[in-house]
Amino acid sequence: MDDAEAQASISQKSLAKVGVALGGGSARGYAHIGALASLENHGLFPSFISGTSFGAVVGSFYAMGHSITQLKEDAKKTRTRDVLGQISDFGLHKAALFSGDRLEQYYERLTEGRHFSDLEKELVIVTTDIDTGELVLLNEGPLAPAIRASSSMPGVFAPVEIQGRRLVDGGLAAPIPLSTLEGYDLDIAIGIGAGTTSKDSSVIKMTQKLLGTSWGAKVHTKLQNSVRTHPLSRLGRGLAYTANTYLVGQPDLNALQVHTNPPISWLHFHKAEHAIHAGEAALNDFMPKILQTFNPLPTFALAGD
């Protein structure tokens, strides 16, 4: 490849419309920062972000205009005790460990009260309707309640009522929300996962084994199809939706989807640097497959031509 061809290739990538779908994983989601760093280092600058749970957190800051350097610095300063101390509030009266009010206040401070309309990049936050299991996408109004809803794992945080619907963790309906990018004017759509998988979780393995029995399947179906409105019934339905994510099969091999496999647990906020490195390494390794998608794209004109 001569200099002109190389420059054309760089121009092609930098002008491409890139969308990323960032999955959940709590502290493991810091891997998304490394993933975004790898994309930028290879000349790919996402302009559209879809995020669920912690992917919604990272995606929001990126859409606000925070640089990769700033995201890394902020992540490395985070300590688990500081996070838990700022989001803990009583929620057992709502069939959850925390009510989530302080979680929303926490996000309100971090986002400085911004709305979707204030963002520099287009953002969709993925949530789940706890009463129907349906995917609900949020892209207008204040950011904080939307992020709170997408981060509200049933049993841990109470649901958030938005637009007349009780919303919780988007990962229940879309663990890696790649499908939410369909229909948008994008040249490339990349799904990035950071959550716990059966490979590194004995709880997931045990749940999968239980759901494979006739008794487990029967209980799961009963909980999921319950229409009772008692808080405990709603909690059971939410846990059934959570179990559904453990039954998700392998991703479409033709899809641009990669799992970062960060080597930390979901509460290790103080180990953000390890997750960031994992995210960057995973995308670096995956980059050849991403770059192959440019072959059918039209060649962009060089500046000045």
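All heavy atoms count here, side chains included; hydrogens, waters and symmetry mates do not. The first residue in the sequence is number 1, and the count goes up from there.
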Please state whether the rings of Tyr30 and Phe54 are parallel, tilted or perpendicular, taking 30° and 60° as the class boundaries. perpendicular
Who passes salt bridge (charged side-chain N to carboxylate O under 4.0 Å, His left out) against Arg165, sequence neighbours left out? Asp129, Glu134
Could you give all pairs that pass the side-chain hydrogen bond (donor to acceptor under 3.5 Å, both in side chains) test and reach residues 57-77, with sequence neighbours left out? Glu40-Tyr62
So Val156 and Asp169, do their side chains get closer than 4.5 Å, heavy atoms only? no
Within a strict 4.5 Å, meaning less than it, do heavy atoms of the Ile290 and Val258 side chains meet? no
Looking only at heavy atoms, which two atoms of His259 and Asn261 are closest? And how far apart? ND1-N, 3.0 Å
Shortest non-hydrogen contact between Ala158 and Ala96, atoms and distance: N-CB, 3.5 Å
Which atom pairs, donor and acceptor, lie under 3.5 Å between side-chain atoms of residues 143-155 and protein residues at least two apart or in another chain?
residue: Arg148; atom: NE; partner: Gly100; partner atom: O; Å: 3.1
residue: Arg148; atom: NH1; partner: Glu104; partner atom: OE1; Å: 2.7
residue: Arg148; atom: NH2; partner: Ser99; partner atom: O; Å: 3.0
residue: Arg148; atom: NH2; partner: Asp101; partner atom: OD1; Å: 3.4
residue: Ser150; atom: OG; partner: Ser53; partner atom: N; Å: 2.7
residue: Ser150; atom: OG; partner: Val126; partner atom: O; Å: 2.6
residue: Ser151; atom: OG; partner: Tyr107; partner atom: OH; Å: 3.4
residue: Ser151; atom: OG; partner: Ile147; partner atom: O; Å: 2.8
residue: Ser152; atom: OG; partner: Arg148; partner atom: O; Å: 2.6

Note: Leu123 and Ala63 closest approach over all heavy atoms is CB-CB, 4.1 Å
Short question: side chain of Thr260, backbone of Gly193 - any donor-acceptor pair under 3.5 Å? yes
Does Phe269 offer a backbone N or O that forms a donor-acceptor pair with the side chain of Thr80 under 3.5 Å? yes
I'd like to check Met287 versus Leu39 (side-chain heavy atoms, cut-off strictly below 4.5 Å). Are they in contact? yes
Residues passing the ring pair (Phe, Tyr, Trp, His ring centres under 6.0 Å) test with Phe98, sequence neighbours excluded, are Phe157
Can a donor-acceptor pair be found, under 3.5 Å and without considering hydrogens, that links the side chain of Arg28 to the backbone of Ile264? yes
Looking at residues at least two apart in the chain, or sitting in another chain, which of them share a ring pair (Phe, Tyr, Trp, His ring centres under 6.0 Å) with Phe116? none
Can any side-chain N or O of Ser50 pair as donor or acceptor with the backbone N or O of Leu181 at less than 3.5 Å? no
List in chain and number order the residues that pass ring pair (Phe, Tyr, Trp, His ring centres under 6.0 Å) with His268, two or more places apart in sequence or in another chain; answer none if no residue qualifies. His270
Under 4.5 Å between any side-chain heavy atoms of Phe48 and Asp185, yes or no? no
Side chains of Asn139 and Leu137, heavy atoms from C-beta outward: is any pair under 4.5 Å? no
Can you confirm whether Thr111 sits close enough to Phe61 that some side-chain heavy atom of one is under 4.5 Å from a side-chain heavy atom of the other? yes
